[in-house]
Amino acid sequence: MDIQNELVWSHSRGRALHGCRRAYWFNYYGSWGGWDASAPKEARQAYVQKKLTSRAMWTGTVVHGIAEQGLKRAMEEADRRLPISDWPVEAMRALARRGAEADIEGSRSGRWLNRPSRLTGFAEHYYEVPVTDAEWQAALDEIDRQVGNLVENRIYKRLRVAAARIREVEELRRFSVGDAEVYLAVDALVGDGTGGVVIIDWKTGENHDDAEIGAQLGVYGLYATQELGVPEDRIVAMHVNIRHGTETRHAVGPAEIEAARQAVASGMAEMRGALVDVANNVARKEDFPVLAEGSERCTGCNFRRVCGRE
Ligand code: SF4
């Protein structure tokens, strides 16, 4: 059975359209079907390259994975009416470390290329970017440090204690906004016990744009009101930076939710406008131009090989 390439809006896809248009095309169209190892060469290459990560992105993936496991374990215990068990930081660090070392090894050996959808592949290995052992060690140490920060984080601790009220953790959701379909996955969404919800977004990077995060949280607010029936004035949204141990509260109320609705509508109109056949979601490569030759952004782009810019 053929899987249909559907046009579904997400915050990251909306942003991608405002970056390099050709990269957007590789991501959402050129790589389509490339999960099959016998796919045409360009589709396979684009698919593999779309899956590449970097040390910085991967740190976030590993720490998010540990946060997810910690919360889901507490939710399961709460579900079974068991006391929430302590999960010592050293055990969490060891779990993260084992997975992280396996990721590096699988990527370094090229084994990940047998299952690029499931295993981790680093752009550093794929493009043979020189990275010293000390730099890999520093990445592992940063994961160690952030797992420690996570365990000590007051919001993470409170979430575990209130595990019975957590409604979702990293669940991929799809819902309709007007005539657009939307994907999202909230890091953690917890009931406040009186009909409202608290939405938590973990961040692990150096720098984040508060306005950008606010827009993303607005979409989560839209989801909470529309799909979960939460009143618009009963949402608290926070982004918690695990790297720096900071937390920022964002307003998510009627104005932000309406802005999110508008962002979905205008983003979807823009995506449709770039298609040659909207009904079948067909995009022609030539309608998505490359950046100017020598563009700095190409240097770190995952698609630079399939794009001919390596
Ligand atoms: S290599 Fe440059 S032009 Fe090509 S997809 Fe990447 S950013 Fe765009």
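Just so you know, ligand 1 is whichever comes first in the structure, and atom 1 is the first atom listed for that ligand.
The distance between the ring centers of Y24 and Y28 falls below 6.0 angstrom. Ring-centre distance between W58 and H125: not below the 6.0 Å cut-off.
Scanning the protein heavy atoms around atom 8 (Fe) of ligand 1, the nearest turns out to be C20 SG, 2.3 Å. When hydrogens are left out, the protein atom nearest atom 3 (S) of ligand 1 is L291 N, 3.3 Å; that is the closest non-hydrogen contact. Looking at atom 4 (Fe) of ligand 1, its nearest protein heavy atom turns out to be C307 SG, 2.3 Å. With respect to atom 5 (S) of ligand 1, the closest heavy atom belonging to the protein is A23 N, 3.6 Å. For atom 2 (Fe) of ligand 1, the nearest non-hydrogen atom of the protein is C298 SG, 2.4 Å.
For the salt bridge (Lys or Arg N to Asp or Glu O under 4.0 Å) test with E142, the passing option among R93, R243, R97, R55 is R243; the others fail.
Of the charged side-chain nitrogens involved, at least one lies within less than 4.0 Å of a carboxylate oxygen, so that D201 and K203 count as a salt-bridged pair. Checked for salt-bridge contact, E171 and R173 miss the test: no charged N lies under 4.0 Å from a carboxylate O.
Judged by distance alone, the side chain of S107 and the main-chain N or O of F122 form a donor-acceptor pair under 3.5 Å.
Remark: among candidates G294, C301, S295, the nearest residue to atom 7 (S) of ligand 1 is C301, based on non-hydrogen atoms.
Close contacts of ligand 1 with R309, meaning ligand atoms under 4.0 Å from a residue heavy atom, involve 1 (S), 3 (S).
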